[in-house]
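Proteins get letters first, then strands, A, B, ... in listed order; numbering begins at 1 in each. In what follows, every heavy atom counts, from backbone to side chain, and hydrogens, waters and symmetry copies are set aside.
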2 protein chains.
Amino acid sequence: MDKKMFAFYKTRAVVVKAMAHPVRLYIVDELSRGEKCVCELTELIGMDMSTVSKHLSVLKNAGIVQDEKRGTKVFYILRMPCVMNFFDCVDNVIRELIQEQLEFIK
Amino acid sequence: MDKKMFAFYKTRAVVVKAMAHPVRLYIVDELSRGEKCVCELTELIGMDMSTVSKHLSVLKNAGIVQDEKRGTKVFYILRMPCVMNFFDCVDNVIRELIQEQLEFIK
DNA sequence: TTCTTATTTGGTTATATTGCCAAATAACCA
DNA sequence: TGGTTATTTGGCAATATAACCAAATAAGAA
């Protein structure tokens with residue numbers, strides 16, 4: 001794998017990594033149902049607002065969400081709804097894993 | 001977000017995290033073109049075999065690939081080809097990001 | 001301007017990840 | 001059996017991530 005190729009996969013990894021956290025996956029899921037401000041998400045998640053804000057900036061830097069300031073509030077919007085299709089695949093992976101573990105116990 | 005919900009997103013995160021690394025993304029891409037043994041992947045990647053082996057075990061534990069021992073070699077097979085569809089989406093995210101950065105420079 | 005609300009940023013600590021080396025394991029061959 | 005090849009495992013050091021708190025910033029209201 002040469003430098004250029006590694007750089008290419010590294011760029012892809014930035015986007016994938018941005019979603020590789022339970023809180024950020026929850027945020028993406030929540031935003032797929034419509035925009036939400038940081039305060040609403042903080043309430044839903046039940047963590048420090050600074051923590052939620054940092055998770056949002058990871059998603060924003062990866063191009064997955066965008067923000068929009070209105071008054072004192074900042075609303076976040078899912079910019080790339082195509083990521084949602086991926087979750088069906090992820091859930092299939094999980095189902096197969098559980099199936100396999102069941103076979104193993106038998 | 002209650003305990004159960006967090007556990008659900010944590011499970012999803014295990015699968016996403018398994019792909020959140022340039023080398024593992026490369027492996028998935030490579031395996032989508034057919035099975036390969038650890039030795040072949042090590043040659044292609046140009047890293048220590050133990051490193052490649054560990055990356056493969058992350059993908060295996062997440063249910064994304066499976067392994068098959070034949071003689072002294074271990075072949076890895078992409079078990080969940082649906083993850084490939086996701087890359088089209090990731091590449092779209094990247095394209096939009098670059099577009100945005102271009103606008104910003106202008 | 002001062003107060004309040006919403007959000008981000010900086011700093012710190014705890015934990016997780018990554019990559020290498022060396023050693024252990026496993027299967028085949030002579 | 002002993003040797004060779006392929007792979008995995010354990011351990012270590014370097015780096016990255018995540019969560020909290022406190023402080024800074026930004027916009028609107030009094």
Side-chain angles (χ1 to χ4, degrees), chain A residues 1-3 5-7 9-28 30-31 35-62 64-77, chain B residues 1-3 5-7 9-28 30-31 35-62 64-77:
Chain A
M1 189 161 46
D2 64 13
K3 262 190 176 180
M5 218 186 212
F6 188 81
Y9 287 102
K10 207 173 164 184
T11 312
R12 271 192 181 174
V14 169
V15 179
V16 179
K17 247 185 207 167
M19 295 202 293
H21 188 285
V23 168
R24 295 197 291 268
L25 286 173
Y26 174 72
I27 290 172
V28 169
E30 207 52 59
L31 294 184
E35 60 170 38
K36 289 215 159 49
C37 66
V38 184
C39 50
E40 287 173 296
L41 289 168
T42 299
E43 179 66 25
L44 285 165
I45 293 165
M47 280 181 168
D48 199 277
M49 187 180 269
S50 69
T51 303
V52 175
S53 175
K54 276 175 186 172
H55 281 305
L56 285 164
S57 88
V58 171
L59 288 169
K60 185 183 159 190
N61 289 330
I64 297 166
V65 304
Q66 65 185 110
D67 59 348
E68 210 176 292
K69 186 148 194 165
R70 281 183 234 136
T72 79
K73 291 182 178 178
V74 177
F75 288 87
Y76 278 85
I77 299 141
Chain B
M1 187 160 48
D2 64 13
K3 262 190 176 179
M5 219 185 212
F6 189 80
Y9 286 103
K10 206 173 165 185
T11 311
R12 272 193 180 174
V14 169
V15 179
V16 179
K17 245 183 208 167
M19 294 202 293
H21 187 285
V23 168
R24 295 197 291 269
L25 286 173
Y26 174 73
I27 290 173
V28 169
E30 207 52 59
L31 294 185
E35 60 170 37
K36 289 216 162 48
C37 66
V38 184
C39 49
E40 286 173 297
L41 289 167
T42 300
E43 179 66 26
L44 285 165
I45 293 164
M47 280 181 169
D48 199 278
M49 187 179 268
S50 69
T51 304
V52 175
S53 175
K54 274 174 187 171
H55 280 304
L56 285 164
S57 89
V58 171
L59 289 169
K60 185 182 158 189
N61 289 330
I64 296 165
V65 304
Q66 66 185 110
D67 59 349
E68 210 176 292
K69 186 148 194 166
R70 282 185 232 133
T72 77
K73 291 183 177 177
V74 178
F75 289 85
Y76 278 84
I77 298 140

### Task
Identify which nucleotide among C/dG11, C/dG19, D/dA19 has an atom closest to any side-chain atom of A/His55, counting heavy atoms from C-beta outward.
D/dA19
### Query
Where along residues 12-27 of chain B does a heavy atom fall under 4.0 Å from DNA chain D?
none
### Spacing of A/Lys10 atom NZ relative to D/dT15 atom P, expressed in whole Å
13 Å
### Message
Between A/Thr51 and D/dA19, is there a contact of a side-chain N or O with OP1 or OP2 at under 4.0 Å?
### Response
no
### Whole angstrom value for the distance that separates C1' of D/dA19 from CE of A/Met47
7 Å
### Task
Rounded off to whole Å, could you give me the NZ-to-P distance for the B/Lys54 and D/dG10 pair?
9 Å
### Query
How long is the gap from CE on A/Met19 to CE on B/Met19, to the nearest 0.5 Å?
8.0 Å
### Query
Would you say B/Arg24's side chain and B/His55's backbone share a donor-acceptor pair under 3.5 angstrom?
no
## Note on the structure
Paired with A/Lys36, the side chain to side chain contact (heavy atoms under 4.5 Å, CB included) test is passed by just one of A/Glu43, A/Glu30, A/Lys73, namely A/Glu30
### Message
What is the separation between atom CG on B/Leu41 and atom C1' on D/dT7, rounded to the nearest whole Å?
### Response
12 Å
### Summary
With the side chain defined as heavy atoms from C-beta on, B/Cys39 is closest, among C/dT7, D/dA6, D/dC20, to D/dA6
### Message
Given C/dT8, D/dA19, C/dA6, identify the nucleotide with an atom nearest to the side chain of A/Val74.
### Response
C/dT8
### Task
Could you check how far CZ of B/Phe75 sits from P of D/dT8, rounded to whole Å?
12 Å
### Spacing of B/Leu41 atom CG and B/Leu31 atom CG [to the nearest 0.5 Å]
5.5 Å
### Task
Under a 3.5 Å limit for both distances, which nucleotide forms a Watson-Crick or G-U wobble pair with C/dA30, could you say?
D/dT1
### Task
Give, for atom NZ of A/Lys10 and atom NE2 of B/His21, the distance between the pair rounded to the nearest 0.5 Å.
9.5 Å
### Query
Excluding sequence neighbours, so at least two apart, what forms ring pair (Phe, Tyr, Trp, His ring centres under 6.0 Å) with B/Tyr9?
A/Tyr26
### Message
Within the structure provided, determine whether B/Asp67 and B/Val38 are in side-chain contact (heavy-atom separation under 4.5 Å).
### Response
no
### Query
So which one's nearest nucleotide on DNA chain D is more toward 5', B/Asp67 or A/Val58?
B/Asp67
### Query
What string of B, S and - do you get for nucleotides 22-30 of chain D, 5' to 3', when a contact is any protein heavy atom under 4.0 Å?
B---SBS--
### Message
Please report the interatomic distance CD1(A/Ile64) to CG(A/Leu56), rounded to the nearest 0.5 Å.
### Response
11.5 Å
### Message
Quick check: do B/Asn61 and B/Val14 have side-chain heavy atoms less than 4.5 Å from each other?
### Response
no
### Query
Are A/Val52 and A/Val23 side-chain neighbours, meaning at least one heavy-atom pair lies under 4.5 Å?
no
### Message
With a 4.0 Å limit, can you tell me whether A/Tyr76 has a side-chain N or O closer than that to the phosphate oxygens OP1/OP2 of C/dT8?
### Response
yes
### Task
Let me know the distance between CG of B/Leu56 and P of C/dT18, rounded to the nearest Å.
13 Å
### Query
Given atom CE of A/Met49 and atom P of C/dT4, what is their separation to the nearest angstrom?
17 Å
### Query
Expressed in angstrom and rounded to an integer, what is the separation of B/Lys73 atom NZ from C/dT25 atom C1'?
19 Å
